[in-house]
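Report on the structure given below.
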Amino acid sequence: MANHTIAETITIPYLEEKGLLSWLTSTDHKRISIMYLLSISTFFVLAGISALLLRFELLMPGKTIVDAHTYNVLFTFHGAVMVFLFIVPGLAASFGNFLIPLMIGARDVAFPRLNLMSYWIYLLGALIILISLSKPADTGWTFYTPYSIRTGTDVILLTFGIFVLGFSSILTGLNFIVTIHKLRAPGMTWHRLPLFIWASYATAILQVLATPVIAISLLLLIAERVFGIGFFDPAKGGDPILFQHFFWFYSHPAVYIMIIPAMGVISEVIPVFSRKPIFGYKAIAYSSLAIALISFFVWAHHMFVSGMSEVAATIFSFLTFLVAIPTAIKVFNWTATLYKGSIDLKSPMLYALSFIFLFTIGGLTGVFLGALAADVHLHDTYFVVAHMHYVMIGGTIMGFFAALHFWYPKMTGKMFNEKVAKIAWAFVFIGFNVTFFPQFILGTQGMPRRYADYPPQFHSLNELSSIGSWILGIGMFVMAINLLRGLFNGEKAPQNPFNSLSLEWQVPSPPPHENFEEIPHVTDWTYGYGKKSA
Amino acid sequence: MDTKAHADETINHITPYRIYVLVWVTLMVLTVISVGVSYFHFGIFNIVVALAVASVKASLVALYFMHLKYEDKITWVFALYPLGLLALLIGLSISDVFFRAVVSP
Ligand code: HEM
Ligand SMILES: [Cu+2]
């Protein structure tokens, strides 16, 4: 960059400069976003392959390809990597980084160097987790004591890697909070902010306030393993359920760290492709904050049959129902936005509509699980597995794919093949449902999760589920090829291909280094669709 | 959100050395107290006293050394919210630990 004048630097597209080092040392929020995007996608592929192996083992009763221990290792790797290296950093670190400054009319985040440091910390955490694979853990991603204290596998390195990742998450959250408070363009009042910003803000609060608790729990676990301190060992006066309390005090809010940014994406995509102002702007905005608050009150719904007191179980079951309210508020408002809209089923919209449909199934089955009497039977069965995948794939990942297709022209300056994108979507949608819907039925029939084998009566539904995983895999493969091909062969993207009113579309594709030649003056909210020229 | 004048005021507030020294002396005195108290036995109140002294010390550090006293409202909200969460974590965990069914061995 040294040989350009400042004025030139401002107008050079951010992708222009080549070379690995120029990327790894860049404090441009857009470059950092792309690095996150590539990193999390790599881990998504790795964890996805391990999932295909898991499903292959479950194709038939008896041993198919791996023994029981390897199976345990595979699902631990799958869960831990998907959660901590893909979906938690996920949309916030990738699209949040790219979009927050652009959407609020700023040149970068508040602390650009801290932002780069967060990315390096992420890499460090990822590296530690990869090193732990020399003796891979077999505890599941939840690390419950007492097994995580006793197993001979390398729990310490894995949890330490997650501990390190936590700092990346906290610092990113902090950066976003300050950015949104301090760097909004003139006229960009709180109630004119795009809803993706509200979602990112709520997520950032959760990242800053919840993550320290998992850091502490993992540290206690490591201390117990290394020094034999009895935090969780009853023989030494500890309490094994205490670990679950700590773990879920973070990990329930964490499921909202995963989903809220995706909800923000949906709030952006739906109005653009229905050409209508978003319905219930304030309700959607404040329900994000409500979720960020209420999600701290429900953690023990994961522990109903852990031996926790019945008093606590009853209280938490009641509180869990509350969290469904802000979630439902959003779903109703998106549906109302669609009503009588001029709907254009482009690929981002297809993924957004899939989100609404699948996330509703996932959310409602969450309410079944939150009901104490039902959960006593459903806990630790495939019903829970189906629930979490309906919210995390059907919700977060559909939102992630919607974002990928929607902002792809802006990020890359290229267009992908829309027809292929739709075909890929069809495979993903069908494959997903064929994989996971049978698991609801298997769960109600009593098939437990986390076993490498099952009795013959569960065969046909498992077979169906495994076949579904192949369809899903093919769909994602086609999608990836299509997006990669677009980079090289795609047409040049116009500045605003989808005719959006949001600020990020009012700068060139790809945006220049400093985003805006002049900081814009905002005079209206971003959802004035269906009027005037829009 | 905050007006320019107000922002400048919060950034530029200068605490006199006298206050810093005073707070430091208080912290030292409190340290002596918590060590001294450990020689007496108040039963369950041992922990209450220890935590009370520690809380006062932490508050002094936050208020003066970390400048919380001179910050605007939003900073206070962010500083106090985690305390609420801590209370929540402890409070709701109590609904488990203190109410478990008694199992005879
Ligand atoms: C309406 C909102 C929701 C409710 C009421 C709800 C309720 C529940 C309950 C009660 C369980 C525990 C079931 C058991 O183990 O017996 C559970 C598990 C789970 N939920 Fe949800 N949930 C909701 C939304 C979400 C969202 C949005 C996500 C993530 C994006 C999510 C991710 C998970 C995961 C990962 C598990 C399984 C954790 C494990 O044991 O490995 N849930 N949910
Ligand atoms: Cu939960």
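Fair warning: this is a prediction, and the values are worked out from it, not measured in the lab. Letters A, B, ... mirror the listed sequences (proteins, then strands); counts begin at 1.
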Which bit of Phe98(B) is near chain A, if near means a heavy-atom gap under 4.5 Å: side chain, backbone, both or neither? neither

Between Phe296(A) and chain B, with a heavy-atom cut-off of 4.5 Å, which part of the residue counts as in contact: side chain, backbone, both or neither? both

Part of residues 88-96 of chain B lying next to chain A, heavy-atom separation under 4.5 Å: Leu88(B), Leu89(B), Leu92(B), Ser93(B), Ser95(B), Asp96(B)

Supply the atom-to-atom distance Arg100(B) CZ to Met308(A) CE, rounded to the nearest 0.5 angstrom. 9.0 Å

Output, in order, the C-alpha distance, side-chain angles, deciding distance and verdict of side chain to side chain contact (heavy atoms under 4.5 Å, CB included) for Tyr81(B) and Leu293(A). CA-CA 10 Å; Tyr81(B) 197 86; Leu293(A) 181 72; 2.9 Å; yes

Spatial distance of atom CD1 (Ile315(A)) from atom CZ (Phe99(B)) [nearest 0.5 Å]: 7.5 Å

Is it true that atom CG of Leu83(B) has more than 12 heavy atoms of other residues, nucleotides or ligands lying nearer than 6.0 Å? yes

Answer yes or no: does atom NZ of Lys69(B) have more than 12 heavy-atom neighbours from other residues, nucleotides or ligands under 6.0 Å? no

What part of Leu242(A) gets within 4.5 angstrom of chain B, counting heavy atoms only: side chain, backbone, both, or neither? neither

Mind checking which of residues 16-30 of chain B sit less than 4.5 Å from chain A, heavy atom to heavy atom? none

Could you tell me the separation between the CZ atom of Phe78(B) and the CD1 atom of Ile177(A), rounded to the nearest 0.5 Å? 4.5 Å

Any chance CZ of Phe318(A) has more than 12 other-residue heavy atoms, nucleotides or ligands included, within less than 6.0 Å? no

Measuring heavy-atom distances to chain B, does Phe246(A) have an atom under 4.5 Å in its side chain, in its backbone, in both, or in neither? side chain

